[in-house]
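Worksheet: the structure to be examined is printed underneath.
Remember, it's 1-based here, ligands and their atoms both numbered in the order they're listed. All of these numbers come straight from a predicted model, not from anything done at the bench.
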Amino acid sequence: MSAATIHTGYKTLNTGASIPSIGLGTWKAPDDECYNSVLTALRNGYRHIDTAKIYNNEVAVGKGINDFLKESGIPREELFITTKLWGTDCKDPLNALKESLLKLNLDYVDLYLIHWPVAIPNDKGDLMPSNEFGHRLVLPFNEWNYLNTFREMQKLPETGLTKAIGISNFNKSKIEKILNDNECKIKPACNQIELHPYLAQSDLINYCNKNNIIVECYSPLGSTGAPVLNDELLLKLSKKYNVSPACISISWAVGRDTIPLPKSVNPKRIEDNLKIVDLSDDDIKLITENANEKLTRIVNPDWTVDINIFEESDVY
Ligand code: A2P
């Protein structure tokens, strides 16, 4: 029998709101499967669901949430729901949020994130316009950029349509630009980034912690096929703690005070992914050191030829 137990802890955002320490990720969960995974997760004790416009599953996520609220009688306020602004909507986040809420069939979300620090040309409904080389187009920085977008995002909490705003895929220098922007009146509540046992991002986590910005981990198992789960160290620790390698990954994320968002459409795994063990500080450190050696970033869209948005030295 596994030694892991269900984790129902919370952390506190800089808005004062509580956020459940583990959430269900839904990226790459197709519509039909997504409905079942959301319903299964909520029935098993999850209170935190993460989606995005670009995942194209907001309708299914919303149906799962609303069906669960109806059958359980649990009030909406007990759930924490996040969705994200896609770059083509950078100039009008209010309208984009309203469209997402319509799909989700919800009155509000708890957190609304700028999905990527890029502004994308809004070209006849194409969400990922690209040039002749297949590089994804972004608007010139001086025409519109993430600072302009964040200034627009700041107007949203007062509408009541989202309780908090935040960012995703932002590195230190970009966060710094937001925090130093004269027009920045609200701090981002959260930065959602790729984090797993092959990508530790300790500097960025420390920077966010120092600035009271919660860090959420997407792809905490290494995304499709969960490649990090075959790692030798994780296998060794899974024997030591008598839990699965997935549990070690998720426990490591929680142990580092970050919020993992494991995605699964498999009912047994969904149930398992909410269970963690208390890893020793030494073992957390071992996994972090191992991650720094492996250093593998899985999600890195080719936005344009000369922009690698994860480079701290990048001027964009
Ligand atoms: P599935 O949806 O079939 O369960 P990430 O959260 O890093 O994006 O990882 C998602 C990938 O990991 C998916 O391929 C998912 O497949 C798989 N996965 C999710 N939970 C587990 C688990 N507990 N053990 C093994 N694989 C898992």
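Counting only N and O atoms by type, the side chains of D231 and N290 include a donor and acceptor under 3.5 Å apart.
Both the backbone and the side chain of S264 come within contact range of ligand 1, each with a heavy atom under 4.0 Å. Residue contacts with ligand 1, taken as heavy atom pairs separated by less than 4.0 Å, involve T224 solely via the backbone atoms N, CA, C and O.
Interface atoms of ligand 1 facing A246, defined by a heavy-atom separation under 4.0 Å, are 22 (C), 23 (N), 24 (N). Less than 4.0 angstrom separates some heavy atom of L229 from each of these atoms of ligand 1: 24 (N), 25 (C), 26 (N). Close approach of ligand 1 to G225 (heavy-atom distance below 4.0 Å) involves ligand atoms 14 (O). Every atom of ligand 1 is numbered from 1 in the order shown, and the set under 4.0 Å from a heavy atom of N266 is 4 (O).
Taking any N or O of P262, backbone or side chain, none lies under 3.5 Å from an N or O belonging to ligand 1.
The side-chain tip of K84 does not point at the ring of Y112 from less than 6.0 angstrom away and within 45° of straight on. With a 6.0 Å cutoff to the six-membered ring centre and a 45° limit on the axis angle, R151 does not count as a cation-pi contact of Y146. Remark: R297 is positioned above the aromatic ring of F310, its terminal NZ or CZ atom under 6.0 angstrom from the ring centre and at most 45 degrees off the axis.
Distances shorter than 4.0 angstrom occur between a heavy atom of P220 and an atom of ligand 1. Under a 4.0 angstrom heavy-atom cut-off, S223 registers as being in contact with ligand 1.
Ranked by closest heavy atom to atom 13 (C) of ligand 1, the top entry among E271, E33, K263 is K263. Nearest residue to atom 23 (N) of ligand 1 from V299, D272, N273 is N273 (criterion: closest heavy atom).
Of all protein heavy atoms, the one closest to atom 3 (O) of ligand 1 is R269 NH1, 3.2 Å. Nearest non-hydrogen protein atom to atom 12 (O) of ligand 1 is A226 CB, 3.4 Å.
Applying the ring-ring contact (aromatic ring centres under 6.0 Å, His included) rule to Y10 yields no partners; only residues at least two apart in sequence or on another chain are considered.
E194 places no side-chain N or O within donor-acceptor distance of the main-chain N or O of Y218, the cut-off being under 3.5 Å.
Ion pairing between a basic and an acidic side chain is recognised when a charged N comes within 4.0 Å of a carboxylate O; D272 and K268 show such pairing.
Centroid-to-centroid, the aromatic rings of F170 and H115 stay 6.0 Å apart or farther.
For the ring-ring contact (aromatic ring centres under 6.0 Å, His included) condition, no pair includes a residue of residues 240-267, sequence neighbours left out.
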